[in-house]
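What follows is a set of notes on a single structure, which appears directly below.
Position 1 is the first residue of the sequence, and the numbers go up from there.
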Amino acid sequence: MPLFIAAIFVSAFLLFQVQPIIARYILPWYGGSPAVWTACMLFFQVGLLGGYAYAHFLVTFFREKHHLQAAIHLGLIVLSLFFLPITPDEGMKPDGTEANPIPGILALLGLTVGMPYLVIAASGPLLQHWFGEIHPGKSPYRLYAVSNLGSLLGLISYPFVFEPLLSLGKQTGWWSVVYVLYGVLAGICGWTLWKSKNKDQAKGAEPSEAPKPGLFRRLLWVLFPACGSILLLAITNQMCQDVAVVPFLWVLPLGLYLVTFIIAFDHERWYSRWFWMLALIVSVGGLVYLLNQEFAEYDMHLIWQVGIFMAALFTGCMVCHAEVVRNKPHPRYLTSFYLAVSLGGALGGVFVSLIAPKIFSGYWELHVGLIVLALLLTFCLFHDLQKLRPVVPYWAGILIWCIPMGFLGYFLRTHYEEKRTDALVSKRSFYGVIHVYEGNFGTRDYYRALYHGRISHGRQYFDDSYRTLATTYYGPESGIAAYFDNCDPRFDKENQKPMKYAVVGLGVGTLATFANEGDEVRFYEINSQVEDIAREQFTYLEDCQGKETVVQGDARITLERELENEGSHQFDAMFIDAFSGDSIPIHLLTEEAFDLYFKHLKEDGVLIVHITNIHLDLSDPVRRLSKKFGREAMLVEHIADPDDHTYSSDWVLISKNKKFIGRLEAQDWITRWYKKEARPIDWTDDYSNLLD
């Protein structure tokens, strides 16, 4: 058993560590969107299904031919070595203009990790079956718990050990080295099976008392894992949209998801159905409450939000997986059982990644997952309620169960109706969900506001006296005003000169209102739906006095291509104002990104970075990068008055223009840094760690 434990543990460790490694590697290539992780999860779930299918068919067609099973699998391992290392080639980088990058992501993953992933995905059920053949008297199911333990350690070690200590190139390199170790261990297991003297005994281990599972049981093997997969991906999407796209928020939910597999498959004694049902009702109640607080005046603390999400995910997946274990078959049908479980996981991934974005204008798949889980449990509990008739009247059992189900349906519908009816426009794409809301209808204070998830990305008032007013993060006391009031082309009010500036992140186009006649403003926007909304629902671009241009595509990729083909734009200023949810994508705050910005700026130009954030302090990496490039970083902090039309904001103005810096100091624009020295947080394209 130690040999099989080692091989299964290593394969499972690799299986789940490759997921955050490769997703983190390609995240900057696709705009830092939360959907990158969802697309990767879809690939890995389908890959897991493919591995389980391969293991099942290998065992089914060569059940008595152990030597062929071992030879075929070892041959596949040798073939997969030609795909190492798994480092994606720079030539695979997209051009940054794809409306739907999911096909490109799936193709890239298939070419880099496809074959090795298929091999290690098959290892769990295949090696468990080999163990059962060699030791027919021992149950192989507990090896599944070992497999999930390896998977869990592979996941949680990534954000806390591998990501902080190793660059991305070294991560993919070390993974490839350990994969070779797995090949050696699997080879020894195959040789052990080949030389096994228990073949006859194994044949005799197929007694008549191994009943074939019926269709209903097989259906439950698929539906419950599908429901658990929907909960996992939908909750992860929700958290990443509202906080940041960071491996920790990928790993935490996926880790808890695996813990439920470990507990459920270790022993049935860990699942007391009524205890877990009660825990599920309480945690889902908290989740529904949190969803209905989406636009509350005050944000619940991040720890509480994550805790509520994780409690609902853990109890929901625990119930899903434990109900599957209650219906597990005889070990003879082990590979078909795992195949059905992985099919359910893949179907959940397909629904969240491919179907939901086509049929929903918001993240309603979480609501669907909760409702499907409630219906499945209601169906499965029906017979148990009948068994309790001598103790509890049948009608009372139904009433007790229907009360929380009624509350669930009511409050989910309330949340759905509020968001659907209140929104003037709702659109969803690979880059998230955006809504346009309106307020104070029929008054001088009538406005429209753009939201990405629950984060405001701009607001415009439509009365003629307010129409060109810069609101939200761009008001007269913000870092934006600090720049335009003191920059070289504008400081001399009697002799102003035309200027050219760039904005990474369009929003509603508020920064266009600062352009004078003769100015050029160039916006870089990755999501085409944002430009459509900015032009159709707002008028900042239409009212722009200068020449405005919106360039579609990822800013990093586009600016690199423009520098190569056209040379430097020689901007007077660049505003880094692109947000995915509540945080700037990391690849816009790396050394390589800043080097690119400064190449497109004039020598005395100014880089302005928006670091307003509810949960994260992004000032340290920005200050460090400014110093590295020989420039001074100045914080302009604005605390908004509740009665004005602005939000509190933090902007960092970066320049080596002494005259400009002197003006800011003289007019008392600069806010004192909270820390005298920035913490040593240095980000590059090859290394970053948002947990810092």
Side-chain angles (χ1 to χ4, degrees), residues 34 37-38 41 152 155 223-243 248-264 270-294 296 299-324 344-345 348-349 351-352 356 362-378 380-381 401 403-416 419 453-454:
W37 176 244
T38 307
M41 282 295 295
L152 179 63
L155 272 178
L223 292 178
F224 273 114
C227 191
S229 176
I230 291 172
L231 293 179
L232 166 67
L233 296 174
I235 287 176
T236 304
N237 264 347
Q238 196 79 41
M239 287 198 305
C240 286
Q241 176 180 248
D242 293 345
V243 183
F248 176 71
L249 291 182
W250 300 338
V251 166
L252 181 60
L254 186 54
L256 288 178
Y257 176 81
L258 287 174
V259 167
T260 63
F261 269 114
I262 295 170
I263 296 173
W270 302 120
Y271 181 58
S272 170
R273 179 183 263 182
W274 296 108
F275 168 80
W276 284 104
M277 293 295 177
L278 180 60
L280 178 63
I281 290 171
V282 172
S283 60
V284 169
L287 174 60
V288 173
Y289 171 79
L290 182 61
L291 291 175
N292 281 277
Q293 296 298 304
E294 186 165 1
D299 282 308
M300 187 182 295
H301 193 280
L302 174 64
I303 300 299
W304 281 105
Q305 290 187 50
V306 173
I308 290 172
F309 275 124
M310 292 301 94
L313 174 66
F314 182 75
T315 54
C317 290
M318 180 65 199
V319 169
C320 286
H321 300 148
E323 289 293 329
V324 170
F351 175 74
V352 173
Y363 282 141
W364 306 124
E365 53 265 36
L366 177 56
H367 299 59
V368 171
L370 293 172
I371 292 171
V372 170
L373 177 57
L375 293 174
L376 280 173
L377 291 177
T378 300
C380 289
L381 290 173
W401 180 249
I403 289 174
M405 295 303 100
F407 276 108
L408 174 66
Y410 174 77
F411 285 107
L412 286 179
R413 180 177 177 82
T414 298
H415 180 246
Y416 170 75
K419 293 202 69 174
R454 58 197 296 268

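Scanning both residues, Met318 and Thr260, for their nearest heavy atoms gives N-CG2, 3.6 Å. Leu373 approaches Cys320 most closely through the heavy-atom pair CD1-SG, 3.6 Å. Closest heavy-atom contact between Trp276 and Trp270: NE1-O, 3.2 Å.
Distance alone, capped at 3.5 Å, places no donor-acceptor pair between the Trp37 side chain and the Asn237 backbone. A donor-acceptor pair is defined here as one N or O able to donate and one able to accept, closer than 3.5 Å; no such pair exists between the side chain of Ser229 and the backbone of Pro225.
The shortest side-chain heavy-atom distance between Ile235 and Leu366 falls under the 4.5 Å cut-off. The closest side-chain heavy-atom distance from Leu376 to Glu323 is not below 4.5 Å. Within the 4.5 Å cutoff, the side chain of Leu233 has no heavy atoms near those of the Glu365 side chain. Contact annotation: the side chain of Leu370 approaches that of Leu231 to within less than 4.5 Å [non-hydrogen atoms, C-beta and beyond]. Taking the side chain as every heavy atom from C-beta outward, Leu232 and Met41 approach each other to under 4.5 Å. Two residues are said to be in side-chain contact when any heavy atoms from C-beta on lie closer than 4.5 Å; Thr38 and Val352 meet this criterion. Within the 4.5 Å cutoff, the side chain of Leu377 has heavy atoms near those of the Leu280 side chain.
Each of Leu155, Val259, Thr236 was checked for a side-chain contact (heavy atoms from CB on, under 4.5 Å) with Leu254, and the lone residue meeting it is Leu155.
Residues satisfying the ring pair (Phe, Tyr, Trp, His ring centres under 6.0 Å) criterion with Phe224, sequence neighbours excluded, are absent altogether.
Pairs engaging residues 404-414 under the salt bridge (charged side-chain N to carboxylate O under 4.0 Å, His left out) rule: Arg413-Glu417 [sequence neighbours left out].
Rounded to the nearest 0.5 Å, atoms CG (Leu287) and CG (Leu291) are 4.5 Å apart.
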Under 3.5 Å, which donor-acceptor pairs link side chains of residues 307-317 to any protein atom two or more places apart or in another chain?
unit_1 : atom_1 : unit_2 : atom_2 : d
Thr315 : OG1    : Ser283 : OG     : 2.6
Thr315 : OG1    : Ala311 : O      : 2.9
Thr315 : OG1    : Ala312 : O      : 3.3

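Note on ring orientation: taking the six-membered ring where Trp is involved, the planes of His321 and Phe261 are parallel (angle under 30°, cut-offs 30° and 60°).
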